[in-house]
Amino acid sequence: VGESPPANSSYSEMLQRAKYCLVLDGHVPWSFRLAEVAAHGCVPVIVSLSWHPPFHRILRWDHENFPVVFLHPAKLTSIRSQLLLEPAQRYRLQQRLTLPLSMILHPITVSFFEAILAELSLSKLTSREQS
């Protein structure tokens, strides 16, 4: 979601120009598209009914300044007007946080493996507390 790109723009160039990028439901709980758009500095707009956030034990997905926007699929027709209502200051903060988020979500980074270890440790603690 952004200005119309030139006709000869590559996918990567379009992601870099856009302020917000759609991340739609797929066949898995979350999509690699999330890391891809964040790595390009585009704030992900997650359109889903059943999206399960990666690393939900260590990342605060519900925090108001977390670098994603959640959108119910029924509101997809009014997405442009909804995103235009987002405060510019909030967008700038979210946009600055997209790269650190992409580093955690990209499977070849050290941050990704650290996040997996932290998630597994918290999962193990949670299961112990429940038993």
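Predicted model only: the values in this text are computed from it and were never measured. Numbers here are sequence positions counted from 1.
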**OP:** Scan side-chain atoms only and decide if Y20 and Q95 contain a donor-acceptor pair under the 3.5 Å cut-off.
**Re:** no
Just verifying a value: how many Å separate [X] [atom1] and [Y] [atom2], rounded to the nearest 0.5 Å?
X: M103; Y: L101; atom1: CE; atom2: CG; value: 11.0 Å
X: L34; Y: L105; atom1: CG; atom2: CG; value: 5.0 Å
X: K19; Y: L84; atom1: NZ; atom2: CG; value: 8.0 Å
X: I58; Y: L122; atom1: CD1; atom2: CG; value: 7.5 Å
X: H56; Y: D62; atom1: NE2; atom2: CG; value: 11.5 Å
X: F112; Y: H106; atom1: CZ; atom2: NE2; value: 9.5 Å

Within a strict 4.5 Å, meaning less than it, do heavy atoms of the [X] and [Y] side chains meet?
X: V45; Y: I79; answer: yes
X: Y91; Y: R96; answer: no
X: T98; Y: C42; answer: no
X: I46; Y: V69; answer: no
X: I104; Y: T109; answer: no
X: V23; Y: V47; answer: no
X: P73; Y: L49; answer: yes

Where do [X] and [Y] come nearest, in terms of heavy atoms and distance?
X: A39; Y: L99; result: O-CD1, 4.4 Å
X: L22; Y: R33; result: O-CD, 3.7 Å
X: E36; Y: L15; result: CG-CD1, 4.2 Å
X: P54; Y: L59; result: O-CD1, 4.1 Å
X: S102; Y: A35; result: CB-O, 3.6 Å
X: P107; Y: F32; result: CD-CE1, 3.7 Å

Original post:
Taking the inter-plane angle between the rings of F70 and W51 on a 0 to 90° scale, is it parallel (under 30°), tilted (30 to 60°) or perpendicular (over 60°)?
Top reply: tilted
Original post:
Hey, what's the ring geometry for F66 with W61, parallel, tilted or perpendicular (30° and 60° as the breaks)?
Top reply: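 Tilted: the ring planes of F66 and W61 meet at 30° to 60°.
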Just by distance, do the side chain of [X] and the backbone of [Y] share a donor-acceptor pair under 3.5 Å?
X: R57; Y: A118; value: no
X: S121; Y: L117; value: yes
X: E86; Y: L83; value: no
X: H72; Y: A74; value: yes
X: Q16; Y: G41; value: no

**OP:** Applying ring-ring contact (aromatic ring centres under 6.0 Å, His included), name anything that partners F113, two or more places apart in sequence or on another chain.
**Re:**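 F113 satisfies ring-ring contact (aromatic ring centres under 6.0 Å, His included) with no residue once adjacent residues are dropped.
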Subject >> Residue list, side chain to side chain donor-acceptor pair (under 3.5 Å) with Q82, at least two apart or on another chain >> reply: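 Partners of Q82 by the side chain to side chain donor-acceptor pair (under 3.5 Å) criterion, ordered by chain and then number, come out as S78.
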